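Working notes for the structure below.
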Amino acid sequence: MESRLTEKVFKALETFRIEIPSWGFANTGTRFGKFLQAAAANTIEEKFSDAGQVHSLTGVCPTVALHVLWDFPRGLGSVGEVAALANKYGVRPGSINPNLFQDQHYKFGSFGNPDPKARAEALEHSKDSIAIAGGLKSRDISFWFADGSNYPGSANIRQRKKWFEECLRESHLALSPDQRMLVEYKPFEPAFYHTDIADWGMAVLLARKAGSQAKVLVDTGHHYLSQNIEQIVAWLLDENMLGGFHFNDRRYADDDLTLGSIDPYQVFRIFHEILFFEWEAGKRADIAYMIDQSHNLKGKIEAMIQTVTMAQELFAKAALVDYDQLVKAQNAADIVAAESCLQDAFANDVRPAIRAWRQSKGLPEDPQNAFRESGYLERVASERRARNMSNAGSYA
Ligand code: RM4
Ligand code: MN
Ligand code: MN
């Protein structure tokens with residue numbers, strides 16, 4: 001690759017950071033069962049330890065997304081311990097994810113629940129989560145709701161929208177000035193008739209009504225098939241409403257496959273819209289890049305390293321688009337030339353440049369290989385095996 005392009009790759013990698021999820025290291029399953037991994041993390045300490053491995057090998061994952069119910073057994077009381085453990089393993093707490101879907105009282109929803117008591121409990125959990133984020137100096141609180149209904153006529157859709165508006169506004173009031181509320185949408189699952197925040201338009205409307213610190217979170221798996229996600233990204237950028245991403249790939253639904261495993265060109269196109277925006281605006285877009293994946297079959301740490309390196313590759317490729325040429329071609333309605341700007345950038349093999357960048361940072365050139373050679377997996381597998389293998393849950 002020409003040195004001019006290598007320089008562009010270096011510059012892009014300098015700014016690119018991606019957050020990894022604590023739940024990506026734990027034993028999780030499908031609706032039908034779990035296949036247990038001896039090395040899976042059980043405690044928050046083990047999750048930070050694994051995340052610390054990913055960060056020390058890749059150098060680009062300094063923060064870890066945390067789930068309140070799963071990672072803070074004593075709620076606010078766990079904050080000190082969580083902060084200390086993150087520090088011990090060389091990472092920082094990242095976005096805080098309230099859990100408004102697992103407790104029994106959320107059977108018929110959280111903010112959209114017709115029972116005022118359930119809504120009040122959801123609001124309290126939301127405020128606790130914001131306080132937890134405050135205690136950890138985490139900026140983003142990411143809200144995902146399982147709320148919805150399974151059968152036509154069973155839910156008052158407009159009434160539930162109003163409850164969502166109210167509860168989100170109330171939650172927003174609890175934010176400190178430097179915090180953000182991220183509102184995630186999803187068209188279906190676990191509800192299969194309607195979801196209260198089904199798409200990006202609904203998320204924008206709710207975020208706008210909640211307050212100026214509320215933005216939209218785009219989970220790449222939360223769209224109908226063939227939806228143009230990069231257009232959504234472009235619109236959210238233009239409206240200053242794009243807060244962050246949950247990255248994963250999919251083929252059918254919310255499959256949570258590793259990023260770029262099915263359609264790397266789509267991820268490239270998303271990054272292109274962001275970098276093109278930044279080039280035109282002359283400023284960085286304030287976006288939290290996060291991974292939302294939890295692997296059942298692949299080794300968890302390996303899958304995370306694979307995802308992070310793929311994200312770097314696709315981001316670096318997107319940074320190679322020649323914007324001067326692109327704008328010229330777009331304005332001249334030269335369709336083929338414009339399209340080629342993207343295709344040419346995508347066709348570059350950026351891996352040698354990325355290896356060189358890693359070397360310049362004192363990082364292993366091949367983080368996956370370095371991980372395999374480190375012996376970490378074997379060590380934690382032997383430490384954690386007994387506990388993991390006795391935990392087999394069943395589907396029913
Ligand atoms: C949802 C969504 C949320 C995640 C939950 C567990 O599908 O992606 O972000 O926290 O799954
Ligand atoms: Mn998500
Ligand atoms: Mn999801």
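Note that the coordinates shown come from a computational prediction; the quantities given were computed from them, not determined experimentally. By convention here, the first residue in the shown sequence is residue 1. Counting starts at 1 for both ligands and their atoms, following the listed order.
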For the Mn ion (ligand 2), report each protein N, O or S atom nearer than 2.8 Å, sorted by chain and then by residue number.
-> E184 OE2, D219 OD2, H246 ND1, D292 OD2
Within 45° cone of F346 ring axis and under 6.0 Å: K317 NZ or CZ | yes
Should D254 and K186 count as an ion pair when the cut-off is N to O under 4.0 Å?
-> yes
State whether a side-chain donor-acceptor pair under 3.5 Å links Y89 with E45.
-> yes
Ion pair check, R74 and E81, cut-off under 4.0 Å | yes
Indicate whether the side chain of T309 and that of Q368 have a donor and an acceptor atom separated by less than 3.5 Å.
-> no
Decide whether D147 and N113 meet the rule of one side-chain donor and one side-chain acceptor closer than 3.5 Å.
-> no
Quick one: sort the F247 and Y289 rings into parallel, tilted or perpendicular, breaks at 30° and 60°.
-> parallel
Starting from the N and O atoms of ligand 1, find every protein N or O within less than 3.5 Å and list the pair with its distance.
from     : atom 1 : to   : atom 2 : distance (Å)
ligand 1 : 7 (O)  : K186 : NZ     : 2.9
ligand 1 : 7 (O)  : H222 : NE2    : 3.4
ligand 1 : 7 (O)  : D254 : OD2    : 3.1
ligand 1 : 8 (O)  : E184 : OE2    : 3.1
ligand 1 : 8 (O)  : D219 : OD2    : 3.1
ligand 1 : 8 (O)  : H222 : NE2    : 3.1
ligand 1 : 8 (O)  : D292 : OD2    : 2.8
ligand 1 : 9 (O)  : E184 : OE1    : 2.8
ligand 1 : 9 (O)  : E184 : OE2    : 2.9
ligand 1 : 9 (O)  : H246 : ND1    : 3.2
ligand 1 : 9 (O)  : D292 : OD2    : 3.0
ligand 1 : 10 (O) : H67  : NE2    : 3.1

Considering the options V54, D50, N27, L377, which one meets the side-chain contact (heavy atoms from CB on, under 4.5 Å) requirement together with K300?
-> N27
Have a look at D254 and say which of its N, O or S atoms is nearest the Mn ion (ligand 3).
-> OD2
Heavy-atom count around R351 CZ within 6.0 Å, excluding the residue itself: above 12?
-> no
Between the side chains of D256 and N248, does any donor sit under 3.5 Å from an acceptor?
-> yes
